[in-house]
Amino acid sequence: MHRTAPRLARILACGAVPVMLVATGCSDDSGSKKKDSSSSSSASAPASASASPTVAPAAFSKLPEACKEISTKTVEKLVPNVKEKNGKVLKPPRNDSSTSCMWYGTDDDDVKNMQYRYLAIELNLFPSHPTLGSGDQRAKAYVPQESDKAAKADGAKNVKTGTADGVGDQAVTVKAESKKDGVDYRDQRVVARTANAVVAVQYNGAGFQGAKSPDADDLLKQAVAAAKEALASVAAANK
């Protein structure tokens, strides 16, 4: 039933090579060999070293604690009868540049309408690097890579991509359907960025024991809300 968060990608850039100019000398009409002063100066001047590339500093330098990206209140709203309110870390943080957590639960109070929900949130931070580029540039390039992976996830069908207004600096949504063990799932993804931080939200649901499948649009609205809260938690962690 569980989904795993997508793996991360990296982009490399190239530097520049300095160019050296060479000048030649000349002689006067009297036959004496004199070097033109400007030519001599140009020839003897050492080549200047190329300046080290500079990039804009990153806006954020740290992430919130794993499983603290969203509040317990939000978790309980999105995941009925959540099994672990404090969440479960999907994979260990990597050099304080990533966090990931998941929650799941089944609302089985009504045996005729058993609803399952799964929520996973991953945050990635991209520092500025003189070779790789600014944190903003790296994060901006990561968003379409991550959303493309979501659109091509194994078993995904009826995939629809879009954008979400008012979510960070950019946000891509991916709606899909899948089927496992005879159960139809509605899978919603939101990949959003604020400055050099990117959040990837996976939120899916299904009706068990013949219950009606959840409305995909409603699930997406909730996933977008979770993405907003996760991005806000990054800003709060850096105050």
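The distance from atom CG of D215 to atom CG of D218, rounded to the nearest 0.5 Å, is 4.0 Å. The NZ atom of K179 sits 11.5 Å away from atom OH of Y185, with the distance rounded to the nearest 0.5 Å. Atom CD of E69 is separated from atom CG of L63 by 8.5 Å, given to the nearest 0.5 angstrom. The line from CG of L90 to CE of M102 is 6.0 Å long, rounded to the nearest 0.5 Å. The CG atom of L78 sits 8.5 Å away from the CG atom of L219 when rounded to the nearest 0.5 Å. The SG atom of C101 sits 11.5 Å away from atom CD of E122, with the distance rounded to the nearest 0.5 Å.
Here the side chains of L220 and V190 are in contact, with some heavy-atom distance below 4.5 Å. Side-chain contact check for C67 versus V89: some heavy-atom pair is nearer than 4.5 Å. At least one side-chain heavy atom of K62 sits under 4.5 Å from a side-chain heavy atom of N238. Looking only at side-chain heavy atoms (C-beta outward), D109 and N81 come within less than 4.5 Å of each other. Using a 4.5 Å heavy-atom cutoff, the side chains of T163 and T173 are not in contact. Within the 4.5 Å cutoff, the side chain of R138 has heavy atoms near those of the P127 side chain. Counting heavy atoms from C-beta outward, V198 and L123 have side chains that stay 4.5 Å or more apart.
With ring centers used as reference points, F126 lies under 6.0 Å from Y142. Taking the six-membered ring for Trp, F208 and Y116 have ring centres closer than 6.0 Å.
Q188 and R186 share no donor-acceptor pair across their side chains, judged by distance under 3.5 Å alone. Of the N and O atoms on the side chains of S71 and E229, at least one donor lies less than 3.5 Å from an acceptor on the other residue.
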Quiz prompt | Criterion side-chain hydrogen bond (donor to acceptor under 3.5 Å, both in side chains) on Q115 and D107, from CA distance to verdict | solution = CA-CA 5 Å; Q115 292 291 321; D107 185 354; over 6 Å; no
Exercise. Any chance you could lay out the side chain to side chain contact (heavy atoms under 4.5 Å, CB included) test for V172 and V143, step after step, and finish with the verdict?
Key: CA-CA 8 Å; V172 178; V143 171; 3.9 Å; yes
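K221 and D217 are not joined by a salt bridge, as no carboxylate oxygen comes within less than 4.0 angstrom of a charged side-chain nitrogen.
Nearest heavy atom pair, residue P57 against residue S128, reads C-OG, 3.6 Å.
In this structure a side-chain-to-backbone donor-acceptor pair under 3.5 Å is missing from W103 to V82. With R193 contributing its side chain and A195 its backbone, the two residues share a donor-acceptor pair below 3.5 Å.
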